[in-house]
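Encoded as structure tokens, the structure appears first; notes follow it.
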Amino acid sequence: MADLSVRLAGLVLRNPFLLASGIWGESGDSLSGAWSAGAGGVITKSIGTAPRPGYPNPTVETYERWGLLNAMGLPNPGIDEYPREIEVARRAGAPVVGSVFAGDAAEFARLARRIAATGVVAVELNLSCPHAEGFGTEVGSEPEDVERIVRAVVAEVRLPVIAKITPNTSDPAGLAAAAEQGGAAAVSAINTLRALAIDVHLRRPVLSHGLGGLSGPAIKPVGLACVWQIFEAVSIPVVGIGGIRTGRDALEYVMAGARAVEIGTAVAFDGIGVFERLNRELSALLDEIGYARLEEAVGAAHTKL
Amino acid sequence: MADLSVRLAGLVLRNPFLLASGIWGESGDSLSGAWSAGAGGVITKSIGTAPRPGYPNPTVETYERWGLLNAMGLPNPGIDEYPREIEVARRAGAPVVGSVFAGDAAEFARLARRIAATGVVAVELNLSCPHAEGFGTEVGSEPEDVERIVRAVVAEVRLPVIAKITPNTSDPAGLAAAAEQGGAAAVSAINTLRALAIDVHLRRPVLSHGLGGLSGPAIKPVGLACVWQIFEAVSIPVVGIGGIRTGRDALEYVMAGARAVEIGTAVAFDGIGVFERLNRELSALLDEIGYARLEEAVGAAHTKL
Amino acid sequence: MRTIVRVTERVQETPSTVTLRFPYPPSAAPGQFVMVWIPGDDEIPMSLSYTQGVSKGITVKVMGETSRHVQAIEPGASLGIRGPYGNHFDVRARRVLVVGGGSGAAVLAPAAAEARTFGAELVVALGAIRADELLFRERFRSLGARVRVATDDGSEGHAGYVTAVAEDELARHRFDAVWTCGPEVMMRKVLAAAEAHGVPLFGSMERHMKCALGMCDACAFGSYHVCSDGPVFPADRLKATADFGRFHRDPSGRRVPF
Amino acid sequence: MRTIVRVTERVQETPSTVTLRFPYPPSAAPGQFVMVWIPGDDEIPMSLSYTQGVSKGITVKVMGETSRHVQAIEPGASLGIRGPYGNHFDVRARRVLVVGGGSGAAVLAPAAAEARTFGAELVVALGAIRADELLFRERFRSLGARVRVATDDGSEGHAGYVTAVAEDELARHRFDAVWTCGPEVMMRKVLAAAEAHGVPLFGSMERHMKCALGMCDACAFGSYHVCSDGPVFPADRLKATADFGRFHRDPSGRRVPF
Ligand SMILES: Cc1cc2nc3c(=O)[nH]c(=O)nc-3n(C[C@H](O)[C@H](O)[C@H](O)COP(=O)(O)OP(=O)(O)OC[C@H]3O[C@@H](n4cnc5c(N)ncnc54)[C@H](O)[C@@H]3O)c2cc1C
Ligand SMILES: Cc1cc2nc3c(=O)[nH]c(=O)nc-3n(C[C@H](O)[C@H](O)[C@H](O)COP(=O)(O)OP(=O)(O)OC[C@H]3O[C@@H](n4cnc5c(N)ncnc54)[C@H](O)[C@@H]3O)c2cc1C
Ligand SMILES: Cc1cc2nc3c(=O)[nH]c(=O)nc-3n(C[C@H](O)[C@H](O)[C@H](O)COP(=O)(O)O)c2cc1C
Ligand SMILES: Cc1cc2nc3c(=O)[nH]c(=O)nc-3n(C[C@H](O)[C@H](O)[C@H](O)COP(=O)(O)O)c2cc1C
Ligand code: FES
Ligand code: FES
């Protein structure tokens, strides 16, 4: 049985599978449910300064069996109410990473300080939501912005800061390098790809917001490329995200350079039991290939080109 | 039977389905084969100044049933030899669009002039190949570069110039607007998404070049979003590309703003017979929805948001 | 993927409730729900009130803007449907007490209909604010059920809550199961009564829904998600969930008291 | 998607030719080919020389760097395999003349083997530069085929091209089909002879291959693609294609004469 535990920016995770932000992340019971189901750690829904209802439905659209579009619109209970949810998850023993979104560096710093005070083990900055006006990609597409935001947050909190990078860019590695420059302890990639679904009979976009983000198996090759490029550009650890559904998918990310991975859409497609299966599959695969510890495989594919 | 013909930048196409660049595009017989099979027009492989063998195999990797990765490395016979292939296709009656790639504006202009002299009906500029050092995305990711290249080409040729835009950017609409500014008669989008495939047993990337481009059904929602955004930003016509396999896919692109579409990976997945099927399906769908002419549907989804 | 369906039939069931029928081939079980998209407007969860055959149905009570729009829909209009989602009632019970309040009867009627095909004996306790708002009374009757009603204003049957009728039935007769849907305060009382008489209870829950895929957490209900673990919950799960009858979550995920 | 296989067996067939066997479950027909990836090196098309059962095989002649690497592979090594691709010989013929030059026998041997299971009578005309380079001679014999050979250096059989043997057989006997694989100049001659005697011919072609998916155009052969319309072509298609025996395309797509 291969050792799946990983060290990530000072944390030790029992396995590399983190619940991705935005999935099972609004309530403390759900966060602890993901932890009981076998996640190595859980990331909260991205939390903002005030409660947000998000966009009207339809907010999701499945794309065949290989993708999912969403434009939730960053619904969240707001930083005043949310700490009680984190508390519930913490009491259940889950290592909780607090995700925050904001419109500028000062707001990011304020939110990060508040969420850091709730006992989370790290803070993830959502610099990459592709469909929320004034947030996400809109503040995270230029290296200077990323560096400034990360620097402002790092100055406020003692916890590891993880910058979540957008794939909707010509240079993901440049954004990651800017995050490193700003003092990030790790970068995570990718968030969803800007995407659209149209209903030809109704002659309109399906999602109420029009544009949304694509996740799920369809984006795995794009996520792998981002992680690959980022791994070559930075020396801080990388967290891989995008379309992971099997132990093999996860190992592909690890070999591309990820020390840990996040699981999102697979929870919708396969249920929360996916965490247990991922652990089982990854462990069996490492045994088969001949790795005693997952960490030995980090970046393994880079030595070959 | 709905009328599928479209006018595009002064051209009249019998139907909106163009053979995409890089597919069946190295030989004149193949180009005319696609035309006989029902394409509305054919686009050549991207041609450069000198012959290029491309990267060593493996150059392609299929991704389940919904995607394809490739890093061909822009193999092409070079502009000296290629005109004979165009001649073969022209003699068969096919409207041929000449695609070219180059490292800078001057080389683009020289190539465009040469290919324009072969009797093509338009020139497409590959500003978007994601995996060829010194070409494609590397010269087409900044609006200023796009504008300068397009301007240089437009100054050299009397034919409509189509700028093929990359999706590996934070702002596809900005690149399209730059192309319009430079004098492009149309923009086409999207080229492939930067992507990677890793073999965990061999611990290495599958494609010899490492990074490649993702095409096929997986990228359709991303292509639709790009076309949607571009349609809102420019007044020149848009050619939609990415993952089109059915008449409905094509109509989604048209409603998002495309006047014509290009078909690539579907030829690999479904064979060249896909053109006939696309024509049939699109025509039936327009009848069902109640459009007499495809052109009425261009951008139809924009009125609703 | 949504399927765009055309409404084939519209039935005004009560002054505030309308049934829409439309062809939708996927098979469905009573208790399951669909997400109903009113193009240009919201998409909302609706139980299937007709589950058998191709012609499915939903029965909509005016609650706010969107349900008002749904009600105004005429035959020929297009709806986007996805689903069915969620679990369902076990319709192979023998003696069932059905307790419905308000639009709750919408999900209980198809369950009763399918239970009849397995030969169940049905007693239905139906509550509404007024006699003319009693939903599916005739439908239950035509299934051979014994129907007892309660109205808030006493315009018919028991004057007051339907819970009293349910308690009375449980005290007098033996049942194998209680199925209930309605306001959570109502369901809490029915649960207490069923428990007192040792009868297994299954209640159909509602929470704000967005994805219906067990992902977005909008419908979080304690350690469950109504969209994927429910909407039908057995008594023990309801009782184990502190929020039951007390708190739900608004669209931002804030926990708000009923 | 490639399948990574482990080589289980390596057989030195002739001084310049090696067979590698490996477990690869997908079913295959004789004539079809696979793309063989030598990790860290190129990926090249190879006909399956063993098509039946799980243990497939390829038989590789040294042509350049990659085929030399393939040859050097020992049991236990990993190869990436995708396919099988392309069409195949119709093995339900009754009297077949098989004409193989050089490594061409690699694809003809499994066709002969499967034809035997349908009871075909086989005559094999086998050519090579030297006697020790005659590929699969014993394998054809053990199938019950009558084997005639030709060597460029006259070290065995007819001294000269195998086409002379084929012409001789066609002149003397009646055949239902000719199957051929080898240098295109050779196949051109065999085609002429088969035509002269009114015997349908099928030839297996080679072109530079990249995608093997009928997409990239690397293997363009007139209006056909060898990877998806071939590799086996009937005589009329070969004749209709001006490039046959005259031009192929290099990896850049340039048309170059043989
Ligand atoms: C599984 C399930 C099955 C349901 N079945 C039926 C049914 O068969 N018949 C019926 O009349 N009603 C049913 N409902 C309730 C119905 O979804 C709401 O009444 C409807 O969404 C109200 O929308 P509105 O815009 O008119 O109301 P609003 O004015 O927006 O709000 C009125 C009430 O409806 C609730 N609501 C609004 N949007 C949603 C949403 N997306 N998800 C859940 N609740 C929402 C609000 O929380 C509020 O309590 C069901 C709900 C769920 C969760
Ligand atoms: C359908 C098909 C089936 C084949 N079956 C066999 C077989 O069973 N046994 C066998 O020994 N050979 C077979 N070949 C030929 C074999 O693919 C080449 O000999 C091999 O690719 C040579 O590679 P190399 O790097 O050693 O040679 P190089 O030094 O690269 O070149 C030597 C020759 O091989 C050709 N070649 C190189 N790469 C390719 C490629 N990707 N596709 C096609 N030709 C290439 C070159 O054009 C040149 O003519 C087949 C070819 C095709 C198209
Ligand atoms: C419904 C949904 C909601 C999401 N919400 C957030 C969010 O609030 N913050 C964030 O950083 N990412 C969010 N994401 C992105 C995911 O965390 C993840 O980056 C993306 O979905 C790709 O991973 P996957 O393919 O495993 O889903 C969301 C994704 C989905 C599908
Ligand atoms: C094998 C292959 C080769 C390609 N070569 C080129 C090229 O030379 N020039 C170019 O502009 N695009 C090239 N493309 C991109 C396609 O033209 C098209 O933009 C992309 O594949 C998306 O469309 P699809 O999903 O229909 O394949 C190539 C794509 C593939 C799959
Ligand atoms: S509605 Fe999204 S989890 Fe239930
Ligand atoms: S090898 Fe690509 S078309 Fe045949």
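Letters go in sequence order (proteins before strands), and every chain restarts at 1.
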note = Okay, B:Glu61 and chain D: the region with an atom under 4.5 Å from a heavy atom over there is both

ask   = So, D:Asp42 side chain and B:Asn57 main chain: donor-acceptor pair closer than 3.5 Å or not?
value = yes

key: Contact leader toward chain D among B:Thr59, B:Val267, B:Val206, where contacts are heavy-atom pairs under 4.5 Å   = B:Val206

message = Rounded at 0.5 Å granularity, tell me how far CZ in D:Arg254 sits from OG in B:Ser27.
response = 15.5 Å

ask   = Given that the side chain runs from C-beta out, which part of B:Ile272 has a heavy atom under 4.5 Å from chain D: side chain, backbone, both or neither?
value = neither

query = Once you round to the nearest 0.5 Å, how far does CZ of D:Arg255 lie from CD of B:Glu26?
reply = 14.0 Å

inquiry  = If I measure from the heavy atoms of chain B, does D:Arg2 come under 4.5 Å with its side chain, its backbone, both, or neither?
reply    = both

ask   = Out of curiosity, D:Trp37 CH2 to B:Asp199 CG, how far, rounded to the nearest 0.5 Å?
value = 5.5 Å

inquiry  = Just to verify, what does B:Arg114 make a salt bridge (Lys or Arg N to Asp or Glu O under 4.0 Å) with, not counting sequence neighbours?
reply    = B:Asp80

message = Checking B:Thr265 against D:Leu213 for the side-chain contact (heavy atoms from CB on, under 4.5 Å) test, could you report, in this order, the C-alpha distance in whole Å, the side-chain angles of both residues, the deciding distance, and whether it holds?
response = CA-CA 10 Å; B:Thr265 304; D:Leu213 302 172; over 6 Å; no

inquiry  = Minimum heavy-atom separation for D:Lys210 and B:Val60, please, with both atom names.
reply    = O-CG2, 4.4 Å

ask   = Which distance, rounded to the nearest 0.5 Å, do you find between the OH of D:Tyr224 and the CG of B:Asp29?
value = 10.0 Å

key: Which atom of D:Ser252 lies closest to which atom of B:Pro51, heavy atoms considered   = OG-CB, 4.0 Å

query = Has the side chain of B:Trp24 got a donor or acceptor atom that lies under 3.5 Å from a matching backbone atom of D:Ala220?
reply = no

ask   = Using a distance-only test with no angle check, is there a side-chain donor-acceptor pair under 3.5 angstrom linking B:Ser30 and D:His225?
value = yes

Heavy-atom proximity to chain B below 4.5 Å, by part of D:Met209 = backbone

inquiry  = Which residues in residues 82-104 of chain B have any heavy atom closer than 4.5 Å to a heavy atom of chain D?
reply    = B:Arg84, B:Glu85

ask   = Taking atom NE2 of B:His201 and atom OG of D:Ser78, what is their separation to the nearest 0.5 Å?
value = 9.0 Å

inquiry  = Quick one: does any side-chain atom of D:Asp217 pair with a main-chain N or O of B:Ile23 as donor and acceptor, under 3.5 Å?
reply    = no

query = For B:Asn70, is it the side chain, the backbone, both, or neither that has a heavy atom closer than 4.5 Å to a heavy atom of chain D?
reply = neither

query = So which of B:Pro75, B:Ala268, B:Gly54 has the largest heavy-atom pair count under 4.5 angstrom toward chain D?
reply = B:Ala268

inquiry  = Between D:Ser228 and chain B, with a heavy-atom cut-off of 4.5 Å, which part of the residue counts as in contact: side chain, backbone, both or neither?
reply    = neither

